Amino acid sequence: MIRSHRLSFTLILGIILFSAFPNYTRAQEITPPTKEEITALRGKAIELLESIAGQLNTLQSVENRARMGSNIMGSLWDHDETRARELLRLVQADLNTELQKGERRHPNDTTFNVFLRLRQDTVERIAKHDAEAALAFLKATEPVFAGNPPYDFADNEQRLELRLATQVASNNPDVALKLARQALDRGLSHDVLRLLARLNRKHKQQAQVLYKEIIERVRDIDFNNDWNSRYFAQNIIQSFLPPDVDEMNYRELVGVFVTKALENGCANKDLEEDWKAGVCVWIATIVGLAEKYDPRIARFKHWNSAPARAEGQELQHYGVLYDFEGMVEDGTLDELENLTTTNPDIRRSIYTRAIYRAVSTGNVEQAQKMIDRFITEPQLRQELTARVEGAKRRLTFNADKLRDIQKKLEEIPEAQGRAHFLLGEAHQFAGSDRKATSKLLDQASELIETLKPGAEQTQSRIALAMLYCAVKNDRGFAIMESIVPKLNELVDIAIRLDGYDTNYLRDGEWNMSGDGTIGALLTGLSHRAGYFAWSDFDRAVTLASRFERPEIRMMAHLKLAQSILEGPSQRP
């Protein structure tokens, strides 16, 4: 008996929020739009964004103005940079009304945390176009506190700085380096090493400067008491080695460890203090293979607890793993092969992770090419090939698959479980077989209509509509045209209950944070506006215009326009 396929309200919402069809490389039944059609759609999307931008001053909620202004700014930048920068100044002013009040903040201050997230999202949008402007915005919107900031504020700021630095590192290494220095002033973080690895791939000069500055920070670490910083120091000395880093700089880093060991008394064979002995074992084990960089290591190598190594064995390079995903995403198969040449001990790990990543993104052909080219071990080759073949079977719809679906369907007792099972199967094949997917959705539709009216049925009907739109079936819009009036009713009821279930309003307007059941439902629709926009943009805009509250209507139009400007590759 197969396991139950009954899905909860939360899981159906998950389909709406996060579902994305794989990037199929084979031909698909749905004809992609032509260049002319895309150009026309982009024109309509930009016109819609400009219209929404002109309505921003009608919003009373500072949060809503900042949220929509930030989104429009990011989407208009390539089309009208002057207008985008004007919007950026308005967003900055709106954010600072909350971020720079100079009040004492509780860690769970919801409004403040929402504005912090808006600040982060805006920084990332700017960084796609102008790294210097992103850095200036980050500094100009730094929160002001009365008294000490919240306990985790410095760590969060450091993560934001390093996230931005990593984002701009490929195209603007100088800004990345500047941000890395700011982050180092706040303390040592392993995200710095991720940034170092990214810079080291294409911008050696900035990477070496950052490496040198990290060495200076390591000098100040108290190896006896600061365990977190010790772990950071261990990773930097074991992961980034010559020739990836300058040999003189690496020699200097080894010297820092050796000096600290000798100052700790590690030249002696016995130490009365156990904690000092522990430090000696730790340092000697870490630098045990680096004696050619500092002969003083011989004075305390008796503390080395590592197993005996073969003569001539070298230190291995692990720094690449800090930016492995970036390398796999940006690099070619030749670059991947070169990477394993300089890191032979992690060759298997590199290839396996790259193949898994290709399979997980639906790129099964690329995964098979890597297996054929790189994997020679029979057992591993068999395991990886089986994974690729399994992925291919899951992406292939045929008569046997349809019979298998119907057989499993008969084993599910409740109508709700059967409907959700069919939605899941239709979601899987919507990119490869339009006709068969529509048949599965027709079956699901009959079952959904038998469900008890309420949240589960509404969520299921929305998921059904989105999947119909994914295969260009008009039933999707027909379903949504019957749902939007119901959503307006639910919003009206939620507003009357504001403050009981959750806070749906902020400054008298619907807040877009996704709070509460209705908020999550609307947020889910906005996240997958591309289903509707790419199916029929004009009809989708007309449908969104039926939302009664202006702020919800504006956000719906905004997300439809953004879906078009993100390009057809973003469509489900």
Side-chain angles (χ1 to χ4, degrees), residues 1-22 24 28-30 362 390-487 490 517-518 520-525 527-528 531-532 535 572:
M1 193 73 174
I2 65 171
R3 64 179 178 82
S4 171
H5 287 83
R6 180 184 178 91
L7 298 182
S8 67
F9 171 86
T10 304
L11 291 181
I12 281 291
L13 180 61
I15 292 177
I16 295 173
L17 281 170
F18 303 114
S19 62
F21 293 101
Y24 299 103
Q28 297 185 359
E29 197 173 304
I30 299 174
K392 287 180 179 179
R393 286 193 297 273
R394 288 193 297 274
L395 302 179
T396 302
F397 197 96
N398 52 35
D400 290 339
K401 183 66 178 179
L402 182 59
R403 282 192 294 270
D404 183 54
I405 289 173
Q406 298 304 319
K407 181 178 179 181
K408 290 181 179 179
L409 191 64
E410 293 173 1
E411 300 176 18
I412 303 173
E414 305 115 335
Q416 180 176 297
R418 292 197 297 273
H420 293 171
F421 171 68
L422 287 168
L423 288 175
E425 293 299 312
H427 167 256
Q428 185 169 332
F429 296 106
S432 58
D433 195 318
R434 175 182 178 182
K435 185 176 180 181
T437 301
S438 291
K439 288 183 178 180
L440 293 177
L441 293 175
D442 290 344
Q443 278 187 276
S445 177
E446 293 177 4
L447 291 166
I448 289 170
E449 292 309 308
T450 68
L451 301 180
K452 180 180 178 180
E456 284 280 1
Q457 187 188 54
T458 300
Q459 289 286 358
S460 298
R461 293 187 73 214
I462 291 174
L464 179 69
M466 293 165 66
L467 293 173
Y468 270 128
C469 284
V471 292
K472 294 279 190 175
N473 188 315
D474 284 345
R475 289 195 65 184
F477 280 105
I479 291 170
M480 285 305 302
E481 284 163 358
S482 68
I483 288 178
V484 169
K486 180 67 175 178
L487 293 177
L490 291 172
T517 301
I518 310 305
L521 189 155
L522 292 173
T523 300
L525 278 173
H527 284 180
R528 284 299 162 199
Y531 282 80
F532 305 102
S535 181

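Computation of the quantities below employed the complete heavy-atom set of this structure, encompassing side-chain atoms and omitting hydrogens, waters and symmetry-equivalent molecules. When a residue number appears, it is its place in the shown sequence, counting from 1. Please read these numbers as outputs of a predicted model, since none were measured by experiment.
Heavy-atom minimum distance, Ser445 versus Leu464: CB-CD2, 3.6 Å. Counting all heavy atoms, side chain and backbone alike, Ile412 lies closest to Gly417 at CG2-C, 3.7 Å. When all heavy atoms of Phe532 and Phe477 are compared, the closest pair comes out as O-CZ, 3.6 Å. Annotation for Ala419 and Ile448: closest pair CB-CG1, 3.8 Å, computed over non-hydrogen atoms. For the residue pair Thr450 and Ala415, the shortest heavy atom distance occurs at OG1-CB, 3.8 Å. Minimum heavy-atom separation, Leu423 to Ala444: CD2-CB, 4.2 Å.
Applying the side-chain contact (heavy atoms from CB on, under 4.5 Å) rule to Gln406 yields the partners Leu402, Leu409, Leu440, Gln443; only residues at least two apart in sequence or on another chain are considered. In this structure, Glu446 has no salt bridge (charged side-chain N to carboxylate O under 4.0 Å, His left out) partners at least two apart in sequence or on a different chain.
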**Item:** Check against side-chain contact (heavy atoms from CB on, under 4.5 Å), His420 and Glu456
**Value:** CA-CA 10 Å; His420 293 171; Glu456 284 280 1; 3.6 Å; yes
**Message:** As a quick check of understanding, evaluate side-chain contact (heavy atoms from CB on, under 4.5 Å) for Ile405 and Phe421, giving each step before the final call.
**Reply:** CA-CA 9 Å; Ile405 289 173; Phe421 171 68; 3.8 Å; yes
**Message:** Show, in sequence, the C-alpha distance, side-chain angles and deciding distance for Leu525 and Leu487, and conclude whether the side-chain contact (heavy atoms from CB on, under 4.5 Å) test is met.
**Reply:** CA-CA 11 Å; Leu525 278 173; Leu487 293 177; 3.9 Å; yes
**Prompt:** Hey, mind stepping through Leu441 and Leu422 against side-chain contact (heavy atoms from CB on, under 4.5 Å) and telling me if it holds?
**Reply:** CA-CA 7 Å; Leu441 293 175; Leu422 287 168; over 6 Å; no
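A salt bridge does not link Glu425 with Lys408: every distance from a Lys NZ or Arg NE/NH1/NH2 to an Asp or Glu carboxylate oxygen is 4.0 Å or more.
Here Ile483 contributes atom CD1 and Gln459 contributes atom CD; the two are 9.5 Å apart, rounded to the nearest 0.5 Å. Atom-to-atom distance recorded for Asp474:CG and Ser535:OG is 7.0 Å, nearest 0.5 angstrom. Put simply, OG on Ser438 and CG on Leu467 are 10.0 Å apart, with the number rounded to the nearest 0.5 Å. Of the inter-residue distances, the one linking Leu490 atom CG with Leu521 atom CG reads 8.0 Å to the nearest 0.5 angstrom. Here the CD1 atom belonging to Ile518 is positioned 8.0 Å from the OG1 atom belonging to Thr458, to the nearest 0.5 angstrom.
Checking side-chain atoms of Tyr531 against main-chain N and O of Gly476 turns up no donor-acceptor pair under 3.5 Å. Arg418 contributes a side-chain N or O that, together with a main-chain N or O of Pro413, makes up a donor-acceptor pair within less than 3.5 Å. A donor-acceptor pair under 3.5 Å links the side-chain atoms of Arg434 to the main chain of Lys472, judged by distance alone.
Residues Ser482 and Arg461 form a side-chain contact, since some pair of their non-hydrogen atoms from C-beta on lies under 4.5 Å apart.
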